[in-house]
There are 4 protein chains.
Amino acid sequence: MTDSVKPRAARGADKRRRLTAAAARILHEQGVERTTLADIARVAEVPVGNVYYYFKTKDELVQAALSEHSSRLDDLTGRLDELTDPRDRLKALVEAWVGQRDVAARYGCPTGTLAVELDKRADGTLDVEAGAVIRRLLDWTGQQFRALGLPDPDDLAVTLVSAYQGMSLLANALRDPDVMTREGARLLHWLDSLKAPRQTP
Amino acid sequence: MTDSVKPRAARGADKRRRLTAAAARILHEQGVERTTLADIARVAEVPVGNVYYYFKTKDELVQAALSEHSSRLDDLTGRLDELTDPRDRLKALVEAWVGQRDVAARYGCPTGTLAVELDKRADGTLDVEAGAVIRRLLDWTGQQFRALGLPDPDDLAVTLVSAYQGMSLLANALRDPDVMTREGARLLHWLDSLKAPRQTP
Amino acid sequence: MTDSVKPRAARGADKRRRLTAAAARILHEQGVERTTLADIARVAEVPVGNVYYYFKTKDELVQAALSEHSSRLDDLTGRLDELTDPRDRLKALVEAWVGQRDVAARYGCPTGTLAVELDKRADGTLDVEAGAVIRRLLDWTGQQFRALGLPDPDDLAVTLVSAYQGMSLLANALRDPDVMTREGARLLHWLDSLKAPRQTP
Amino acid sequence: MTDSVKPRAARGADKRRRLTAAAARILHEQGVERTTLADIARVAEVPVGNVYYYFKTKDELVQAALSEHSSRLDDLTGRLDELTDPRDRLKALVEAWVGQRDVAARYGCPTGTLAVELDKRADGTLDVEAGAVIRRLLDWTGQQFRALGLPDPDDLAVTLVSAYQGMSLLANALRDPDVMTREGARLLHWLDSLKAPRQTP
DNA sequence: CATGAATGAGTCTTCATTCAT
DNA sequence: AATGAATGAAGACTCATTCAT
């Protein structure tokens, strides 16, 4: 017999998870400033007053949303790591971005738009965290370029991630997912064209 | 001797201009949602109540800031148009971007960050305007590529502007102006490498 | 040749008259509190800043509107006085009311609704004036009943004016001009039915 | 011994009731436009910010006040319904009005004056509700006349309610409660004089 | 006299955060 | 832990009135 009553701890963890997921989604869609705690609570189906048992301030929820996006990124790169060729990993990354084109055209890149909004703050706490998530992506990308034996792998990483942020922003501003498709194709082509210099024997 | 008392009309227009300039700057620095009318009024040295004589709503001020950025863009492209070679114009554009690297690292691209914030709104009025400013830049850029006789000039424009938005966002998120310098150099190189296909004789 | 330039005094008096007429109309339609000086100025086609040359405060404009309604009432009773039979005068008064049924259904009796609004004020200055206009109507009506040799003419006047205010209010609240028509018919019948007691010879 | 600590739900409902009662009273006394939310909150002894927990807008408070007046009217007619003779009910209604003469002389009929003020609004939402309350009174009154077998009972209802609104307005404008007394006496006499036509046997 | 512009007090409304139970 | 209710500090916006020219 399955008891519908969950153990306390489980219930608590569940609510926390629901709040985090709700925050990740709504903050992406509406932005930090236009989202109220009540919005997040409603989506998470948690009573407003209860939110404060899990997150002491609104900023902690923003932080949780950032972590959520960060761990989704980790999931993605984790899956990509299963591919043997670093070039294939990067190409699959680009394809994943293009796969998100409709969301990007509507709301932009979750981390990128969050970073933009948080960077406007005088208080520089959360903006650093947003930057850290992006840096994580840069690091992983740089490793792939390095594994390919390409020179200046970190610069290449900046170029690739920068292209992603740029095309997301444009797709969003123009409300046109095709921007993602076209730029994605160009990036794939670019990745294919990169050649490691001859190794001295 | 210059009389410090300005004619009436001049004073009114002057205030409007001051408010617009203040809005353009503060909205860029603090973002729309975190900026109060009082902030803008203070910077423009205009009493708060008086703001409404010039702009009926906060949104009108945002709109004015967008127009300001748009006309600054026009000024820039106007100056670039004096160069004879379209390629030189594009390279000078990139150099202008790099010249703004410190501002970009601190606050991002004015139009880009504004677009990101406005796109979060349910009410799609101002976000369209932000998109229009970006489209203006795309159009001008596309014309240069077209003048160079390059294929798919509009796609190239998207690539270039996208790169600009991406590098600004990354420079901002990482608080590192060097991103602008390095990506700028790459873009200059890329522009130089573009060759028009042979014309059939 | 007709000179379009009016003498100064005339122009001034004209503006004052336009402002008064505008106030009378707009205050009736929108109520005192929901009407701004700018509304009145716009309708009168007088620049806002100029209003204060003719009326030192908003209340003075309300006052002017009351006077306007009062003198329109005088005009009406003046015309009715030309009828020889006081009963005919009263019946013509009722017919005039019914003739205004569409305005009444939309905005109520100008003086009555103004009185209602002004009576809410703590400061009892203007409300007294509104009461005075109504009293003027009561006085004239009372005189007619007195001339008919009817007992308690002032009570009859209260009954008649009260009926007018009541039917205007109901017509307005129900947005139904027919209320005016039906009640008007009843009042005419009632006036006809009133008989003076036999005089002792 | 009565515990002064009330259960939660009771406290919430209590505040809502206090706010509604305060709104009903103050809006009647000061009018809608001259009453601030702070006024109502103060009378209800509720912190201003808390008002919005119960009523999302000022208009909702106006609406609540209207409902309050409506249900007070229902209470009254409910009590009158216990009288067996419809004529006695109507006479008792008139006596109830006269009993309120001092309030009427100071502030007018709550529903009537509210209707007058709300009818000035461009937005026709609340004015319809005010009309509905008056219609409720008309309906009940019409039923009594119908029960008496009188012809055109609805017209008679309009006449009676109209007389009530008219005498309230006059009493208010003239600041004279005696108007209510005298007109009330006349109405009682009128009600007594009404005879149902002979029924054909 | 005229008038565009200026002013600042006041009002509604929102919301993050806290509290009592 | 849980939660409905409470709180107060802003913020956008309005408008009668005044002022400078």
Considering only E:dA16, F:dC13, F:dT3, which nucleotide approaches the side chain of A:Lys58 most closely? E:dA16
Taking only the side-chain nitrogens and oxygens of D:Lys56, find out if one of them lies under 4.0 Å from OP1 or OP2 of E:dT14. no
5'-most by nearest nucleotide on DNA chain F - B:Thr57 or C:Leu37: B:Thr57
Any A:Tyr52 side-chain nitrogen or oxygen under 4.0 Å from OP1 or OP2 of E:dT17: yes
Distance in Å, A:Leu118 CG paired with A:Glu129 CD, rounded so as to fall on 0.5 Å steps: 9.5 Å
No-H, no-angle donor-acceptor pair, A:Tyr53 side chain to F:dA2 base, under 3.5 Å: yes
From the set E:dC12, F:dG11, F:dA16, return the single nucleotide nearest to any side-chain atom of C:Thr36. F:dA16
Which whole-number value in Å describes the distance from D:Asp59 CG to E:dC12 C1'? 11 Å
D:Thr125 versus D:Asp123, side-chain donor and acceptor atoms under 3.5 Å: yes
Quick check against the 3.5 Å criterion: does A:Thr35 have a side-chain atom that pairs as donor or acceptor with the backbone of A:Gly31? yes
Who is the Watson-Crick or G-U wobble partner of E:dA6, with both distances under 3.5 Å? F:dT17
Measure from the side chain of A:Asn50, starting at C-beta and using heavy atoms only, and say which of F:dT3, E:dC12, F:dA12 lies closest. F:dT3
In terms of side-chain heavy atoms of A:Pro47, which of F:dG4, F:dT18, F:dA6 is nearest? F:dG4
Going by purine N1 to pyrimidine N3 plus the second Watson-Crick contact, or the G-U wobble pair, all under 3.5 Å, which nucleotide sits opposite F:dA1? none
Approximate separation, where rounding is to 0.5 Å, of C:Glu45 CD and C:Lys15 NZ: 11.0 Å
Round to the nearest Å and state the distance from C:Glu45 atom CD to E:dA2 atom C1'. 16 Å
